[in-house]
Every structure is written in structure tokens, then in C-alpha cells.
Engineer: 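Here it is: the structure, laid out below.
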Amino acid sequence: MGKSKVLVVGGTGYIGRRIVRACLAEGHETYVVQRPELGLQIEKLQMLLSFKKQGAHLVEASFSDHKSLVDAVKKVDVVISAISGVHFRTHCITLQLKLVHAIKEAGNVKRFLPSEFGLDPARMGDALEPGRVTFEDKMAVRKAIEEANIPFTYISANLFAGYFAGSLSQMGCFVPPRDKVHLFGDGTLKAVFLDEDDVATYTVKAIDDPRTLNKTLYLRPPENILSQAELIGIWEKLIGKELEKTYIPPEGFLTTLKGLDYKLQVGIGHFYHIFYEGCLTNFEIGEEGAEASKLYPEVNYTRMDEYLKIYV
């Protein structure tokens with residue numbers, strides 16, 4: 001069978017741009033939605049045009065124009081949505097309900113990958129307020145997909161290295177400290193860190209794979225399953241210096257969280273579940289899921305010691 005034709009929605013975003021590049025690299029006929037609402041955002045327009053130069057097709061469509069979405073979907077076999085779900089930037093997860101309606105009407109899509117790419121929302125039913133809204137919105141989209149009998153793959157990519165590894169999982173920065181560092185609890189619970197380009201590579205590998213049909217694909221490359229303390233240890237070795245460490249107990253973290261702006265509370269609240277509960281690694285992947293590095297051992301994923309070298 002030939003490779004699927006793919007439509008990427010949110011192709012100029014943080015993960016979306018990488019997914020477009022991965023689709024092209026894997027030889028998929030790639031379509032990228034160009035929204036008329038783009039307006040004067042020239043950087044996004046230039047990115048779209050750069051994709052066009054690389055062989056992608058630009059398709060004008062809008063969430064406010066149902067027919068345009070249906071027409072765009074009819075051009076492809078697979079739809080990947082990468083629209084933003086980060087509150088301190090833009091949170092558009094429920095816009096995908098319109099995309100689900102378009103996919104259902106078009107009737108030709110053999111796989112839909114909604115915008116998730118983080119913690120598995122199906123496991124976050126007891127998440128703290130207000131951060132649980134992220135998972136509730138994603139579950140609402142899942143419910144609509146499954147009620148419409150649309151074939152799917154959900155991607156649980158755990159922690160983006162740009163947000164969580166480069167900062168050593170510190171709040172309020174994206175570069176590693178060189179003197180002092182805060183650890184959550186005792187810093188020993190395991191998390192999973194991924195280079196965002198690897199997230200895109202694994203995602204695109206899955207779209208034509210029958211083993212990932214109607215399943216959640218967990219991205220858990222074994223050498224990147226690390227505790228915060230281990231991540232800090234990698235950085236200390238790279239810079240040849242031991243950092244001064246402050247350990248934040250759970251009650252102290254929750255007290256700090258309450259004083260933050262709502263948008264920050266939503267995002268940073270997830271830190272609690274990751275680093276105090278170990279929600280990324282405290283379960284076994286069952287038959288409803290699959291693990292990416294086992295399915296695609298040919299992917300030479302970026303290890304975090306290599307990733308952190310750019311910051312030295």
C-alpha cells in the first residue's frame with residue numbers, strides 16, 4: 001500500500017511545524033491548513049510558504065466555515081491536529097469538535113490524531129483544579145471522535161524537552177540554572193522527556209500502522225525515563241559543577257500554586273501530578289495502548305545528555 005495523504009491542522013504551531021516536516025521526510029503527500037484568520041502574522045505565513053517550497057500543499061480552511069473544513073478533509077486519508085492546548089499561549093482544544101464534525105461528514109478519513117501530545121487525559125480524572133480543564137477538554141474531543149466512529153490514534157508524548165528538560169523542570173524559565181535548583185519532593189519519581197522532533201517522528205510513523213489503530217501510543221523511550229534528580233545530575237556532569245538544591249514539599253508547592261494567575265495555575269498544576277505522583281510512569285501500558293520505541297526501534301531518539309549539551 002502507498003503512504004497516506006496527510007492533512008495537518010495547526011501546522012505552524014510548536015508541534016505542528018515539526019509534524020509537517022516529519023510527514024514530508026517520510027514521503028507523505030502533505031497538506032497544511034492555511035487559515036484566513038492568519039491576518040498579519042507574517043512569520044506564520046512565511047512558515048507556510050516554506051512548507052510549500054518543500055513540497056507541501058496549502059489548503060485554505062477555517063473553523064468558522066464548515067464546508068471549507070469538509071473540503072480540506074476530503075483531500076486526504078489521515079488528519080493530524082496540532083492546535084494549541086497551552087493556556088498561557090492559546091487554548092483551542094475544543095475547536096476540534098468542529099473538525100470532528102467535518103471528518104464525520106467527509107467520511108473518507110481512515111485515521112484521526114487529535115491534538116494531545118502530553119499526559120494521557122484518560123488517566124487524569126482526579127486532576128487538580130483548575131488544571132483538570134485541559135484533560136476534560138481533550139476527553140470531550142475523544143468522546144466525540146468515538147461516538148462518530150472515526151478511526152483514531154491518541155499520542156501521549158509525556159514531557160516536551162523544550163519545556164521540561166532544558167529548564168531542569170524549573171518553573172518560570174526554559175534554560176537550565178547554573179547555581180541553584182528546586183526539586184519537587186525528593187526528586188526521585190520518574191518522568192519521560194522527549195525531543196519535540198522525536199515526538200513528530202513517532203507520530204508520523206504511527207499513522208499507517210495497524211498496530212496503533214484505535215489505541216493510545218505512549219512515547220516512552222527507555223533511556224529518557226528519568227527522575228528530576230537524574231536530569232539535574234546529567235546537567236551537573238556537563239557543566240562540572242554541583243548545584244545548590246532546595247526541596248519543595250507537596251504542601252509548599254500547592255501553597256505557591258494558589259497565588260498564581262489562572263492560566264499559570266492550569267499549566268503548572270500539572271507539575272504536581274508529574275513530579276509528586278509520578279503520573280507518567282506509575283502504570284503499565286495495557287492492550288489499549290502501545291509503546292513507540294518498541295514499535296519503531298529504528299528511530300534513534302535524542303537522549304537527554306545529548307539534548308542538554310546545547311545549553312552548556
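These numbers come from the heavy atoms of this one structure, side chains and all, not from hydrogens, waters or symmetry mates. In this text, all values refer to a predicted model and were calculated from it rather than measured experimentally.
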Engineer: What is the distance from atom OG of Ser293 to atom CG of Asn224, rounded to the nearest 0.5 Å?
Structural biologist: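 Result: 9.5 Å between the selected atoms.
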Engineer: Show which side-chain atoms of residues 274-285 pair as donor or acceptor with protein atoms under 3.5 Å away, not counting sequence neighbours.
Structural biologist:
residue	atom	partner	partner atom	Å
Tyr276	OH	Ile248	O	2.7
Glu277	OE1	His273	ND1	2.9
Thr281	OG1	Lys190	O	3.0
Asn282	ND2	Glu277	O	3.3

Engineer: Measure the spacing between OG1 of Thr256 and CD1 of Ile268 and express it to the nearest 0.5 Å.
Structural biologist: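 Taking OG1 in Thr256 and CD1 in Ile268, the distance rounds to 10.0 Å.
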Engineer: Would you sort out whether Lys98 and His66 count as a side-chain contact (heavy atoms from CB on, under 4.5 Å), showing the intermediate values?
Structural biologist: CA-CA 7 Å; Lys98 296 184 177 183; His66 176 70; over 6 Å; no
Engineer: Is the backbone N or O of Thr216 less than 3.5 Å from a side-chain atom of Glu288, with the two atoms forming a donor-acceptor pair by type?
Structural biologist: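 Judged by distance alone, no pair lies under 3.5 Å.
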Engineer: Could you check, using the six-membered ring where one of them is a Trp, whether Tyr163 and Tyr14 have ring centers closer than 6.0 angstrom?
Structural biologist: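 Close enough - the centres of the two rings lie under 6.0 Å apart.
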Engineer: Given Ser4 and Val76, is the side-chain contact (heavy atoms from CB on, under 4.5 Å) satisfied, shown in steps?
Structural biologist: CA-CA 7 Å; Ser4 291; Val76 300; over 6 Å; no
Engineer: Can you tell me which residue among Gln34, Glu37, Arg35 is in a side-chain hydrogen bond (donor to acceptor under 3.5 Å, both in side chains) with Ser62?
Structural biologist: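 With Ser62 as partner, side-chain hydrogen bond (donor to acceptor under 3.5 Å, both in side chains) holds for just one option, Glu37.
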Engineer: Going by side-chain heavy atoms closer than 4.5 Å, which hydrophobic residues are tied to Leu213, directly or by a chain of links?
Structural biologist: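 Via sub-4.5 Å side-chain contacts, Leu213 links to none.
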Engineer: Enumerate the residue pairs fulfilling side-chain hydrogen bond (donor to acceptor under 3.5 Å, both in side chains) with a member in residues 231-242, sequence neighbours excluded, ordered by first and then second residue.
Structural biologist: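 Found Asp179-Lys241, Glu236-Lys245.
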Engineer: When rounded to the nearest 0.5 angstrom, what is the spacing between CG in Leu217 and CD1 in Ile207?
Structural biologist: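 Atom-to-atom, Leu217:CG and Ile207:CD1 are 12.0 Å apart.
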Engineer: Check the orientation of His270 and Phe135. Use parallel for under 30°, tilted for 30 to 60°, and perpendicular for over 60°.
Structural biologist: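 His270 and Phe135: tilted rings.
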Engineer: After noting the C-alpha distance and the side-chain angles of Phe164 and Phe271, does the key distance pass the ring pair (Phe, Tyr, Trp, His ring centres under 6.0 Å) rule?
Structural biologist: CA-CA 10 Å; Phe164 287 91; Phe271 279 63; 5.2 Å; yes
Engineer: Just checking, is any N or O donor in the side chain of Thr246 or Glu244 under 3.5 Å from an acceptor N or O on the other one?
Structural biologist: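 The criterion, which ignores hydrogens and geometry beyond distance, is not satisfied for Glu244 and Thr246.
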Engineer: Does a side chain donor of either Gln96 or Ser81 reach within less than 3.5 Å of an acceptor in the other side chain?
Structural biologist: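 There is such a pair (donor and acceptor under 3.5 Å, judged by atom type) between the side chains of Gln96 and Ser81.
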Engineer: Check Asp120 with Arg220, please: is the shortest side-chain N to carboxylate O separation under 4.0 Å?
Structural biologist: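 Salt bridge: no.
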Engineer: For the residue pair Arg303 and Tyr301, would you count it as a cation-pi contact if the rule is NZ or CZ under 6.0 angstrom from the ring centre and within 45 degrees of the ring axis?
Structural biologist: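 Yes, a cation-pi geometry holds between Arg303 and Tyr301.
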Engineer: Just checking, any donor-acceptor pair under 3.5 angstrom between side chains of Tyr296 and Asp209?
Structural biologist: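 Per modelled atom types, Tyr296 and Asp209 side chains form a pair under 3.5 Å.
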